[in-house]
Every structure is written in C-alpha cells, then in structure tokens.
Amino acid sequence: MSHKIIKGREVSRPIRAEIKQRAATLRKAGWIPRLASLEVGNNPAAGLYIRNQQRVAEKLEIEFENRRYPHEISTRELLAAIRAMNVDPRVTGIILQRPLPRHIDLGDVQSAIAPSKDVEGMHPTNIGKVVYDDFVLGPCTSLASVEILKSTGLELRGLEVVVVGHSEIVGKPLGLHLMAELATVTICHHGTRNLATHTRRADAVFVAVGKPGLITGDMIKPGAAVIDIGINQVEVVDDAGNAKNKTVGDVDFGSAHEVAGWITPVPGGVGPVTLSILMRNVVAAVEQQKAAYERAMLA
Ligand code: NAP
C-alpha cells in the first residue's frame, strides 16, 4: 500500500500565511494581538510548549507574554489574576498552560477566562457554540485534526470516521466538527467493547487517548487516513545501550504506515497545526473585540 506521511508544517503553511496578513491588518488599525500565557509552577514539558508558542507567535506578529505563578498559588489568587487579564485591554488572548497543580480546579479556572479572550476555545460558552456549528473560537486540536483530514482531499460528506477518545478537549468537539461536515462519526472510548471492529471499517481514524501503541496496522482499513493526536514520552534504548526519552503518538507508526493511505507522524503531525489554529484564534479574538468596540461606539 502506498502511503503519504502528512507533515503538519505543510498543512500549516497557508494557515500561517493568512494569520500573518490578518495580524498585520489589525496592527495597521491600531489593534495589537497579544497572547498572555498563564503558567503555574515550573514544568519542563510545559516550558517546551511555551517556548514553541512564543516562537510561532512572534513569527506571526503576535505579541507573547508568559506569566508564571508559584506552584503554591491558590485557586482564588489565580482567579483574581485571570480577572485582571480579562479587563486588561492590552491582553487580547489568554492561554492556560497545562498541567495545573492538583490543588487547582481546572474547570473553575478555565471558566473564569472571558469567552472573548478564550483562544483555546475551551470556555463552556465557546464549546457550546460548537454544538450549534456557529463559533469563532473553536477548540484548537480538534479543528487542527479536521484541517489535516481535509488536506488529504477526501470528501468528508458520508465518510466513515472513527474517533478514539472522548475527552472534552479533543474527542467530543472533534466528533461535533466532523458531524458538521456530514461525516458519519463513531466515537470510541474506554467502554467500547471491540475497538478494532470499529477502526477497521473506518475511512479515517483519529486517535486521542494517550496510550502508545494503542492502534496497530491490523486495526486499520487499507488506504484509510490515520490521524494520531496522542503525545507520549516513552523510554527507548539507543544503539549504544543508553536509555533516552522519545516522543510517540498513540498509533504504532511502523505497522500502521504500511496499511494507511495517509498518516500523521508524532512529533511533526497534529502538533504544529494545533499551534497554527491557536494563533488563528488569537487573531480572530482581536477581530471580534474590534468589531464589538466599533458596534459600541456606534450605539
Ligand atoms: P484525556 O483527557 O486523558 O482523554 C483520553 C481519552 O481516551 C478519554 O476519553 C478516555 O476515555 C479514552 N480512553 C482511555 N483508554 C482508552 C482505550 N483503551 N480505548 C479507547 N479510548 C480510551 O486526554 P486528552 O487531553 O484528550 O489527550 C489525549 C492525547 O492527545 C494525549 O496523549 C495528549 O497528550 C494528546 N494531545 C495532543 C494535542 C496536540 O496538539 N497534538 C493536544 C491535546 C492533547 P475514558 O474517559 O472513558 O477513560
């Protein structure tokens, strides 16, 4: 089976070109896109993501500022910091870096971010709009995954699609986006009896679980598109016998790429596109804020 490895960088190229243009237009009108990142404690894995976000933001003429709070901060203090950002006109978008310490309630903190600045599209108001397929700020990873599927040229209408994982941040919104495209969607999760019977009949399989090797080549229909959203760190031993960490997805790439028509690598697949959609949301948030301001001025 011939297969095509889908590179996130290539899918991202036109998205990033469009963002740059929209950001420049906003700047000319006096509106500066500025993303405030909120980090609690000092997590090395989060640090890498934050540096990536900063690098991409700056390339796209989006200002980026990371605000780090001590690990011991209380939920109350964090909520106060978010409220201050919500009313700060210089901050146009807010991203909450994960993981948060256990003593902080993620739901409370996520819901405290003003929906108009929620560039991750995770506030209940923004998620709710996805149900109506009438949203401006949608969840980044699920939108990125749909962009990747579209890049294959497959017709989404009527496509048999299986999503493995039903989290609020990825699987559930992904199912909604795909239904909006008129795909026939099956969502699998922990309670699914025989995962392989579902994945084997799918024209496209999305996997967002966090379990390396969950999907193997024998679970995939020949020629299907396989979009691996999972990010896992596994320990491998190199040729010299030294143990080192490697980033892998949820799909066993070796066996799956033999059968798949298209497949995303990890790293370098969904991740860069997610980052692009995040930046597109940053620009969309400012456009929305500008339009609201202009409407208020006219009233
Ligand atoms: P999560 O909240 O832990 O959700 C995992 C989902 O997988 C749950 O819905 C869980 O179902 C389901 N699941 C667990 N075991 C399963 C099994 N054996 N078969 C089928 N489904 C199973 O994780 P998440 O935040 O959605 O993230 C999933 C993965 O994607 C992680 O590796 C994460 O790092 C990665 N991720 C990547 C990006 C990106 O940009 N590339 C962005 C976000 C997340 P139950 O709840 O029923 O157990």
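The analysis underlying the following values was restricted to heavy atoms, covering all of them including side chains, and did not include hydrogens, waters or symmetry mates. Every number for a ligand or one of its atoms is a count from 1 in the order of the listing.
Less than 4.0 angstrom separates some heavy atom of I169 from each of these atoms of ligand 1: 25 (O), 26 (O). Proximity to T274 (heavy-atom distance under 4.0 Å) selects the following atoms of ligand 1: 39 (C), 40 (O).
Looking only at heavy atoms of the protein, atom 38 (C) of ligand 1 is closest to T141 CG2, 3.8 Å. What sits closest to atom 4 (O) of ligand 1 on the protein, heavy atoms only, is S167 CB, 3.5 Å. For atom 13 (N) of ligand 1, the nearest protein heavy atom (residue, atom name, distance) is V209 CG1, 3.6 Å. Of the protein's non-hydrogen atoms, H189 O, 4.0 Å is the one closest to atom 19 (N) of ligand 1. The protein heavy atom nearest to atom 37 (C) of ligand 1 is I229 O, 3.0 Å. For atom 12 (C) of ligand 1, the closest heavy atom belonging to the protein is G165 CA, 4.0 Å. At the shortest separation from atom 31 (C) of ligand 1 among protein heavy atoms lies G210 CA, 3.8 Å. Ranking the protein heavy atoms by distance from atom 45 (P) of ligand 1 puts H166 NE2, 3.4 Å first.
Rounded to the nearest 0.5 angstrom, D203 CG and L149 CG are separated by 9.5 Å. Taking OG1 from T75 and CG from D108, the interatomic distance works out to 6.5 Å, rounded to the nearest 0.5 Å.
What you find for I82 and A112 is that their closest heavy atoms are CG2-O, 3.6 Å. Shown here for A114 and N86, the closest heavy-atom pair between the two residues is N-OD1, 3.0 Å. Nearest heavy atom pair, residue F64 against residue S37, reads CZ-CB, 3.6 Å. The nearest pair of heavy atoms linking T264 to F253 is O-CE1, 4.0 Å. When every heavy atom of M279 is checked against every heavy atom of Q53, the shortest pair comes out as CE-O, 3.4 Å. Taking each heavy atom of R200 and K221 in turn, the nearest pair found is O-CB, 3.2 Å.
Backbone and side-chain nitrogen or oxygen atoms of I231 are examined, and one is located within less than 3.5 angstrom of a nitrogen or oxygen of ligand 1. Residue contacts with ligand 1: D250 is placed with no nitrogen or oxygen under 3.5 Å of a nitrogen or oxygen of the ligand (distance criterion only).
At distances below 3.5 Å, at least one donor-acceptor pair connects side-chain atoms of D228 with backbone N or O atoms of D250.
Checked for salt-bridge contact, E65 and R90 miss the test: no charged N lies under 4.0 Å from a carboxylate O.
Across A208, G271, G8, heavy-atom proximity to atom 6 (C) of ligand 1 is greatest for A208.
Proximity of atom 27 (O) of ligand 1 to the protein is not indicated, since no non-hydrogen protein atom lies closer than 4.0 angstrom.
Not a single heavy atom of G171 sits closer than 4.0 Å to an atom of ligand 1.
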